[in-house]
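Here's the structure, in structure tokens; my notes come after.
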Protein chains: 2
Amino acid sequence: MSQDFQTWMKSIQNEVEVALNTYLPSPELAPQALHEAMAYAVLDGGKRVRPLLVFAAGKLFSAPGELLSRAACAVEMIHAYSLVHDDMPCMDDDALRRGKPTVHKKYDEATALLVGDALQAQAFLVLAEASACADHKLPMLQLLAQASGSLGMCGGQAIDLASVGVALSLPELEQMHRLKTGALLRASVLLGAMSGKHLEANEVAALDQYSRAIGLAFQVVDDVLDATADSATLGKTAGKDAADNKPTYVSLLGLEASRQLADQLCRDAHQALTIFGESAQHLRDLADLIVQRKA
Amino acid sequence: MSQDFQTWMKSIQNEVEVALNTYLPSPELAPQALHEAMAYAVLDGGKRVRPLLVFAAGKLFSAPGELLSRAACAVEMIHAYSLVHDDMPCMDDDALRRGKPTVHKKYDEATALLVGDALQAQAFLVLAEASACADHKLPMLQLLAQASGSLGMCGGQAIDLASVGVALSLPELEQMHRLKTGALLRASVLLGAMSGKHLEANEVAALDQYSRAIGLAFQVVDDVLDATADSATLGKTAGKDAADNKPTYVSLLGLEASRQLADQLCRDAHQALTIFGESAQHLRDLADLIVQRKA
């Protein structure tokens, strides 16, 4: 990973932290307890993979900063809400997230439920209120709604729930992850690019191919880390998938074949970006980062 | 209530039922279990007060049918998702809604959580995909997001949660309801009117005044019914507020003064509509309906 990319990544992560703070409802406004809990759920956490994808894809077409920043915050708010709800006792029942107590542990379940609900609305609001013209924003709002809903992220979680203790085939496992995490990763890439301009069909196709590859790679690596890393490194409970009897790439393919698959998907991601030339360098670097990450 | 209004109401309720069916994800698409549960949460239930407000306000400015229908379905999906989450054990823990088992009773808590999440995304999608131009739809999407989020419905629910067992003053109780139910009722009225045309400031002011009056009236009547009607009539558990030690208009003002307040608010609502003349008749009828309802 180049020094240049590391510097860029840090600067985007800092910029996104400031932007999230700006676009969350002020904790000074009522209801303050809810706003404080929303900030707890969103700020100071995670690698900001989705915002990084938004900004990296934005570089393809010199997208304007404010729209990129709002799109990045919108996807991160959707992601954060999904984690809050996913951690609740009726779902994964997890006590630790990003090295901190989960929202329902820090506050209570009712607050966690409302934090997630309010963050979803806030995501749409942040994007809808960008200064770009309505024609520019509307397809982006549509994409965000599609990626978040029952044919995207929520749908993937429903399939995930239904698959506990069930022997999924590899294509079924891929379909589940394509929705559960892939849809929002794809939306991040496309929203970044769409912030710059209206996309041509071949550009959408290339970005779809890239997104599919990194989305699957992300999950394969998640499964490898869940099976091999410890909770302190991950910032969340390790070994949960096996304990919950959930199908994973590691359980289906084994550890070594899973690692090889991740490497192959990373090469696929690079391949997909050929038409964009040099301007796609940060997207290439992010594919590498996703496969090489240790947490 | 005139025969004319009764006929209109029935026809809108039927039209909305068909439209909701159309705009929900098809239960034939995967994940089918989630889509079936979403339909269970939304279809065949309630008086459709919010859609009726959308259509009645749409008559002020001869709004186009498709946009009205989508706006009506969007607010009803937001409303339905809020009921599903509100009924969950960590919130109101209710087993009965609209005379049927609540979603977490019929399915399970995880499904109820995802049904609510997916319905919220679907609401934004349904409105974003209307055939109207982007300039027309964008302010409507913004309003829907504001009304649903932490400064609207979710914020009201947070204040409601925090108020159990707390001695709220009348202004505090009003502020809570202004957000919890008022924000989405106001959005229904404004979305209907905005479907027709861009609103002038005096039109927004009049509709705001009307919305505030019916929003409060709605809640006052809810409290009266909760204290006086039985569960079978209400289609939900009666007497819950008192049992949960929640502040209500009845507990603060007494039954008779609450009934008088509802009547006064109904007159305020009529008063606010003066500038619209005859075209506002259905909005007047709806104010009467809200105050005179028995469930």
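When reading the values below, keep in mind they use all heavy atoms of this one structure, side chains included, and skip hydrogens, waters and symmetry mates. Convention: sequence-line order gives letters A, B, ...; per-chain numbering from 1.
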Notebook entry, point to check: What is the minimum heavy-atom distance between B:Ala30 and A:Leu151, and which atoms define it?
Noted result: O-CD2, 3.7 Å

Checklist line | Heavy-atom pair of closest approach, residues B:Pro31 and A:Ile159 | finding: CB-CG1, 3.8 Å

Notebook entry, point to check: Which atoms form the tightest heavy-atom contact between B:Leu138 and A:Ala128, and what is the distance?
Noted result: CD2-O, 3.6 Å

Next item on the list: Give, for atom CG of A:Leu141 and atom CG of B:Leu125, the distance between the pair rounded to the nearest 0.5 Å.
Entry: 10.5 Å

Notebook entry, point to check: Is a side-chain N or O of A:Gln122 found less than 3.5 angstrom from the main chain of B:Ser150, in a donor-acceptor match?
Noted result: no

Check: Out of B:Ala33, B:Ala118, B:Pro139, B:Ser82, which one racks up the most heavy-atom pairs below 4.5 Å with chain A?
Finding: B:Ala118

Next item on the list: Measure the CG-CD distance between A:Asp117 and B:Gln157 for me, rounded to the nearest 0.5 Å.
Entry: 7.5 Å

Notebook entry, point to check: Just how far is it from atom CG of B:Leu113 to atom CE of A:Met91, taken to the nearest 0.5 Å?
Noted result: 5.5 Å

Checklist line | More than 12 heavy atoms of other groups within 6.0 Å of A:Lys100 NZ | finding: yes

Item checked: Toward chain B, the part of A:Leu29 with a non-hydrogen atom under 4.5 Å -> side chain

Next item on the list: For the residue pair B:His104 and A:Cys90, establish whether any side-chain heavy-atom pair is separated by less than 4.5 Å.
Entry: no

Margin query: Give me the atom names and distance for the closest heavy-atom approach of B:Ala110 to A:Leu161.
Written below: CB-CD1, 3.4 Å

Margin query: Quick one, B:Phe124 with A:Leu144, criterion side-chain contact (heavy atoms from CB on, under 4.5 Å). Give me CA distance, side-chain angles, the key distance, then yes/no.
Written below: CA-CA 9 Å; B:Phe124 289 104; A:Leu144 188 67; over 6 Å; no

Check: Between B:Met88 and chain A, which part of the residue has a heavy atom less than 4.5 Å away: side chain, backbone, both or neither?
Finding: side chain

Next item on the list: Can you tell which part of B:His35 gets under 4.5 Å to a heavy atom of chain A, answering side chain, backbone, both or neither?
Entry: side chain

Next item on the list: Select, from A:Gln120, A:Glu109, A:Met38, A:Gln142, the one with the greatest count of heavy-atom pairs under 4.5 Å involving chain B.
Entry: A:Gln120

Note to self: Using a 4.5 angstrom heavy-atom cutoff, name the option from B:Ser148, B:Gly155, B:Gly149 with the most pairs to chain A.
What the structure shows: B:Gly155

